[in-house]
There are 2 protein chains.
Amino acid sequence: MKSNQETEHPEIRRKKTAEERHQDILEAALNIFTEKGYNGSTTAEIARAAGVAEGTIFRHFATKKELLIAVLKPKILDGIISLDKEHKDPVEFFRCFLKDRLELIKENDGLIRFMFAEAQYHNEVREALSNGILGHGISIVKPWFDKGVQEGIFKPIPFPAMMRSYMGMVLFYGIFNHVFPGFSPEKTVEEAADQILEIFLNGVLVKKTND
Amino acid sequence: MKSNQETEHPEIRRKKTAEERHQDILEAALNIFTEKGYNGSTTAEIARAAGVAEGTIFRHFATKKELLIAVLKPKILDGIISLDKEHKDPVEFFRCFLKDRLELIKENDGLIRFMFAEAQYHNEVREALSNGILGHGISIVKPWFDKGVQEGIFKPIPFPAMMRSYMGMVLFYGIFNHVFPGFSPEKTVEEAADQILEIFLNGVLVKKTND
DNA sequence: ATTAATAATGAGTGATTACTCACTCTTAAT
DNA sequence: ATTAAGAGTGAGTAATCACTCATTATTAAT
């Protein structure tokens, strides 16, 4: 009555090491990719950084492009969660959301610039971004904005236009500081967030124009 | 009394053809680069598109990277001129500037996305962008903003923060529509410009918050 | 028509690329 | 200790790359 299928149990130990390798490669690929771009990175370099042989990469990922997607997909999802906290009102939501996003950008600066840079050239990246942000991210923001409009707090600006401007201000934060280093004097993310929020909520004009 | 230095005169004719080749290569390079990225483009492909031999490229540009810079430099400067028109007041300036920039982005969409994508990885591109936009573009905007603040029209928001948000909204217009195609319903640039301007000037809130 | 200068050419070059595969090592069960 | 299987290896490969250079074509003056 001895079991002959016990091979599945110890698989846990084996798998752990394999999974670690998998993560090592993903982590190394992320670093090299964000630094040099997809086409500027070589699989040899990624292997070196991950501490594995080049052939090992292709045991885990069929092609270099598959590795790229495997690197980005979870990062896109990471960026979307942590949004479903409870919020008092629409303005409070946008305030929290903004600070949260700016922290994320500060920490994952290179990654985010890399994602949008490569979205230029790779359909797969564009689709992953589109599905991730459009499918999940925006669907979280929309109800709050709609609520604000219904309550008469927000102007009835078309949602896509609002989202585009909002995302532009937030995402360009990282790009701007990278292209124009030292131009922005603020040291804290808090300060930058407050300035963006002020413009987003009230604009730059001292009094409202009526037209 | 026959001139023996007349070689300089007909140079005009020769030079014309050479200059045309030069422009053909620049134009082809621009198209290929914006489509596939710098590292994704090959000099063979650019030569084919320009209708010249591969070797000809290297008679005009010492290296591939030199070609990249030669492609981008004039485009960056192109984007800056046409800003020195006369304007009545600061608000009018920002309105004209915005519409002008949005038209430019609509027409040179791929190029602008390419520039900021490659600025990620190439110091030379980043410097060209920084010198061009910081050195010339921003210096045109700053006086108008400062004037607005002095006249009490604009809030005394720090200039870099204002510029960052403004550029973010404007530049992200092209990126957003490329990554999320079909998401924005507006058909005209005018409409998009009005929506951005409304947010920039007055914000999304119905009434100002006082804090 | 000849000539001299310049521009254009494209086959060739060495370096580099993503990817393969025959082999070795590690692991865990007998 | 043996074994079987999956994981890891790295030299090898064909393709591709930016760039070169000996040769050819073009041009403009005599």
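Order of the sequence lines sets the chain letters (A, B, ...), proteins ahead of strands, with each chain counted from 1. Note that the structure is predicted; figures quoted are calculated from it, not measured.
Remark: C1' of D:dA18 and CZ of B:R48 are 15 Å apart, rounded to the nearest angstrom. Atom P of nucleotide C:dA18 and atom CZ of A:F61 are separated by 15 Å, given to the nearest angstrom. Taking atom CD1 of B:I46 as the reference point, atom C1' of D:dC17 lies 12 Å away to the nearest angstrom. The distance between atom NE2 of A:H22 and atom P of D:dA7, rounded to the nearest whole Å, is 12 Å. Rounded to a whole Å, the CG atom of B:L68 is 14 Å from the C1' atom of D:dA18. A:E20 places its CD atom 20 Å from the P atom of D:dG6, with the value rounded to the nearest Å. As rounded to whole Å, 19 Å separates atom P of D:dA15 from atom CD of B:E45. Across the protein-nucleic acid pair, A:I57 atom CD1 and D:dA7 atom P stand 17 Å apart, rounded to whole Å.
For D:dG8, one of the phosphate oxygens OP1 or OP2 lies less than 4.0 angstrom from a side-chain nitrogen or oxygen of A:H60. Between B:R21 and C:dA7, a side-chain N or O to OP1/OP2 separation shorter than 4.0 Å is absent.
In this structure, the nucleotide among D:dC19, C:dC19, C:dT17 sitting nearest to the side chain of A:T42 is C:dT17. With distances taken from any side-chain atom of B:F58 to the nucleotides D:dG8, D:dT20, C:dC19, the minimum falls on D:dT20.
With the nearest nucleotide of DNA chain C identified for both A:K64 and B:A53, B:A53 has the one nearer the 5' end.
With hydrogens and angles ignored, no donor-acceptor pair closer than 3.5 Å exists between the side chain of A:R59 and the base of D:dA7.
For the atom pair CE (B:M169) and CE (A:M167), the distance works out to 14.5 Å, reported to the nearest 0.5 Å. Rounding to the nearest 0.5 angstrom, the gap separating the CG atom in A:L102 from the OH atom in A:Y173 is 5.5 Å.
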When you look at B:V149 and B:F145, which way does the side chain to side chain contact (heavy atoms under 4.5 Å, CB included) test go after all the steps?
CA-CA 6 Å; B:V149 172; B:F145 182 72; 3.7 Å; yes
Check against side chain to side chain contact (heavy atoms under 4.5 Å, CB included), B:K64 and B:L68
CA-CA 6 Å; B:K64 189 188 173 190; B:L68 170 71; over 6 Å; no
Pair B:Y121-B:Y38, side chain to side chain contact (heavy atoms under 4.5 Å, CB included): steps then yes or no:
CA-CA 10 Å; B:Y121 313 120; B:Y38 175 76; over 6 Å; no
